[in-house]
Amino acid sequence: MIHLQEQVDLSSFNTFGIQCSARYFVSIQRLDQLKALLELDLLKKCSRLVLGGGSNLLFTKDFFDGLVIKNEIEGIEKVRETADHCWLKVGAGEAWHPFVLYCVENDLGGIENLSLIPGSVGAAPMQNIGAYGVEVKDVIESVDVFDFQTSNSKQLNNRDCAFGYRESYFKNEGKDRFFITHVTFKLSKRNHVMKTEYGAIKDYLTKMNINELSLRAVSDAVIAIRKSKLPDPVQIGNAGSFFKNPTITLQQYVQLKQQHTHMPMYTVDDKHVKVPAGWLIEQCGWKGKKIGHVGVHAQQALVIVNYGGAKGEEIVTLAQSIQRSVKQNYGIELQMEVNMI
Ligand code: FAD
Ligand code: EPU
């Protein structure tokens, strides 16, 4: 059964809390519903938006003239096991953070550093979610998709997904073509490789007197760090980092460093470095600034917030002003991480 709704308010379906209504809206729990849906003449030529938790998108207009397909495909299934590893095939509509906690509770390692990231399992491959030294590509075995072009399902392996920093095939050549239905993860059962290089994780473990590392301890540390600087979307509308951290050439960095002696960086390769966008935005004086209904978060300059009642356009205008000032002061182009709809 398909329950097609019309003129649905999407305010509670996006963590920015932007008011936007969709011409058509449907929730999908099974793959066969998706096929049936596309056979409806009404929807054949409609533009589509696959929606997870709405935590990485911005509605730029107050009307979406198309069909929103809310992903509610659930289930966690063990599909393979060896002495060292376990493969879990997970419904794309499962919420990400509860899935991380499920893994931690079952002593399955690999995604504990990705604790507390909002959104759905199905959106995780989309931008190759990452935090605290881990990217989800490190544990993705395969991604099952429904292809809107052919109305068939297929499986893509890790290499097919062309993962990069906040990038994938699904954001580029495969944009708007697929509905991700399941993701299969390869997780460790023993000899977990825990990543604690991020300074703040080590500091937390020391502060809590934790000498014996465990998946739970790493997850708890990440949760505590995130809570201390990222705004909770339930309280203040936001979509996490609004921009990506830009990669520049080492040569450009060396030149900039002459003027900006404290400029931080992370090495990418022997010719490139990554500069924290939060630092650039803060240096340009935006941190904590409020303009109308929107602003730049006071604890994390990379996060743009909706203090309530903002329109998508106001956020776009602020984002563009930030881009202009970073370009003017540092010659660096900031790219948006959030998906504009
Ligand atoms: P949505 O916002 O619903 O969708 C995002 C995009 O993916 C859209 O283009 C949508 O069409 C597409 N999409 C969603 N589901 C599917 C599907 N099943 N098939 C095909 N396309 C799909 N991200 C990080 O990487 N690291 C972080 O540390 C991080 N921290 C965050 C902190 C906060 C407070 C917030 C609000 C966001 C943060 N994010 C972070 C961003 C966001 O949580 C992730 O990108 C998340 O994976 C988005 O999931 P979602 O289900 O909400 O996706
Ligand atoms: N910084 C500032 N001022 C700020 C914020 C950051 O100077 O207001 C500088 C500091 O030098 C700090 C550095 O930036 O040491 C890094 O800051 P942080 O550790 O907070 O991480 P980030 O680079 O701002 C990235 C991801 C986050 C992820 C964290 C933790 C991107 C675009 N963002 O942020 O992901 O949670 O690292 O790994 O890569 C998201 O994608 O939505 C997201 C929140």
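Remember, it's 1-based here, ligands and their atoms both numbered in the order they're listed. Numbers for residues simply follow the sequence, beginning at 1.
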Report yes or no: does [X] contribute a side-chain atom to a donor-acceptor pair with the main-chain N or O of [Y] at less than 3.5 Å?
X: Asn158; Y: Ile140; value: yes
X: Thr60; Y: Ile341; value: yes
X: Asp138; Y: Val134; value: no
X: Asn238; Y: Val303; value: no
X: Ser168; Y: Met126; value: yes
X: Gln33; Y: Arg30; value: yes
X: Asn113; Y: Lys195; value: yes

Can you tell whether the side chains of [X] and [Y] come within less than 4.0 Å, N to carboxylate O?
X: Glu337; Y: Lys244; answer: no
X: Lys311; Y: Glu313; answer: no
X: Asp147; Y: Arg177; answer: yes

May I ask which of [options] has a heavy atom nearer to [atom] than the others do?
atom: atom 20 (C) of ligand 1; options: Phe242, Phe178, Phe13, Phe16; result: Phe178
atom: atom 14 (C) of ligand 1; options: Gly237, Ser241, Pro233, Ala123; result: Ala123
atom: atom 47 (O) of ligand 1; options: Ile129, Asp176, Ile69; result: Ile129
atom: atom 48 (C) of ligand 1; options: Ser55, Gly54, Ser115, Gly93; result: Ser55

Measure the distance from [atom] to every protein heavy atom, then report the residue, atom name and distance (to 0.1 Å) of the closest one.
atom: atom 14 (O) of ligand 2; value: Pro276 CB, 3.1 Å
atom: atom 24 (O) of ligand 2; value: Gln300 NE2, 2.8 Å
atom: atom 2 (O) of ligand 1; value: Asn56 N, 2.8 Å
atom: atom 46 (C) of ligand 1; value: Pro118 O, 3.5 Å
atom: atom 24 (C) of ligand 1; value: Gln127 NE2, 3.5 Å
atom: atom 35 (C) of ligand 1; value: Gly240 N, 3.3 Å
atom: atom 6 (C) of ligand 1; value: Asn339 ND2, 3.5 Å
atom: atom 1 (N) of ligand 2; value: Trp279 N, 3.6 Å
atom: atom 38 (O) of ligand 2; value: Tyr132 N, 2.7 Å
atom: atom 50 (P) of ligand 1; value: Gly53 N, 3.4 Å
atom: atom 19 (N) of ligand 1; value: Ile180 N, 2.8 Å
atom: atom 10 (C) of ligand 1; value: Val50 O, 3.1 Å
atom: atom 40 (C) of ligand 2; value: Ser241 OG, 3.2 Å
atom: atom 36 (O) of ligand 2; value: Arg226 NH1, 3.5 Å

Element-labelled atoms of ligand 1 that are located less than 4.0 Å from some non-hydrogen atom of [X]:
X: Gly119; value: 49 (O), 50 (P), 51 (O), 52 (O)
X: Leu51; value: 3 (O)
X: Ala239; value: 35 (C), 36 (C), 37 (C)
X: Gly52; value: 3 (O), 51 (O)
X: Gly130; value: 24 (C), 25 (O), 26 (N), 27 (C), 28 (O)
X: Phe179; value: 19 (N)
X: Leu49; value: 11 (O)

How does [X] reach ligand 1, by side chain, by backbone, by both or by neither, if only non-hydrogen atoms under 4.0 Å count?
X: Asn71; answer: side chain
X: Ala131; answer: side chain
X: Pro231; answer: backbone
X: Phe170; answer: neither
X: Ile117; answer: side chain

Check each atom of ligand 2 against the heavy atoms of [X] and keep those under 4.0 Å away; list them by number with element.
X: Tyr165; result: 31 (C), 32 (C), 39 (O)
X: Tyr198; result: 19 (O), 30 (C), 37 (O), 38 (O)
X: Asn245; result: 23 (O), 31 (C), 32 (C), 39 (O)
X: Phe243; result: 32 (C)
X: Glu282; result: 2 (C), 3 (N), 4 (C), 7 (O), 8 (O)
X: Tyr266; result: 13 (C), 16 (C)
X: Ala301; result: 4 (C), 8 (O)
X: Gly278; result: 1 (N), 2 (C), 3 (N), 4 (C), 5 (C), 6 (C)

> Is the count of non-hydrogen atoms from other residues, nucleotides or ligands lying under 6.0 Å from Gln19 atom CD greater than 12?
Replying inline: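 Counting neighbours around CD of Gln19, 12 or fewer heavy atoms of other residues, nucleotides or ligands fall under 6.0 Å, so no.
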> Around atom CD of Glu333, are there more than 12 heavy atoms of other residues, nucleotides or ligands at under 6.0 Å?
Replying inline: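 No, not enclosed.
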>> Using the ring-ring contact (aromatic ring centres under 6.0 Å, His included) definition, which of the options Phe99, Tyr102, Trp87 pairs with Phe185?
In response: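 Result: among Phe99, Tyr102, Trp87, Phe99 is the only option passing the ring-ring contact (aromatic ring centres under 6.0 Å, His included) with Phe185.
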> Looking only at side chains, do Gln283 and Asn329 share a donor and an acceptor under 3.5 Å apart?
Replying inline: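 Side-chain D/A pair, Gln283 to Asn329: absent.
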> For residues Asp9 and Ser11, is any side-chain donor paired with an opposing acceptor at under 3.5 Å?
Replying inline: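 On atom types as modelled, these side chains qualify, holding a pair under 3.5 Å.
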>> Does the residue His297 have a heavy-atom contact with ligand 2, meaning some pair of atoms that are separated by less than 4.0 Å?
In response: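 Judged by the 4.0 Å heavy-atom criterion, His297 does not count as contacting ligand 2.
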>> Does the Lys NZ or Arg CZ of Lys290 fall within the cation-pi geometry relative to Tyr307 - under 6.0 Å from the ring centre and within 45° of the axis?
In response: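 The answer is yes; both the distance and angle limits are met.
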> Do you see a protein non-hydrogen atom under 4.0 Å from atom 10 (C) of ligand 2?
Replying inline: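 It does not; no protein heavy atom is within 4.0 Å.
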> Got a sec, which residues hit ring-ring contact (aromatic ring centres under 6.0 Å, His included) with Tyr253, two or more places apart in sequence or on another chain?
Replying inline: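 Tyr253: no ring-ring contact (aromatic ring centres under 6.0 Å, His included) contacts found.
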>> Quick check on Arg226 - does any of its heavy atoms sit under 4.0 Å from an atom of ligand 1?
In response: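 Within the 4.0 Å threshold, so yes.
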>> With nothing but distance in play, are any N or O atoms of Arg166 less than 3.5 Å from an N or O of ligand 2?
In response: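 Right, the criterion is met.
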> N/O to N/O below 3.5 Å, does that happen between Lys244 and ligand 2?
Replying inline: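 Lys244 vs ligand 2: no N/O contact under 3.5 Å.
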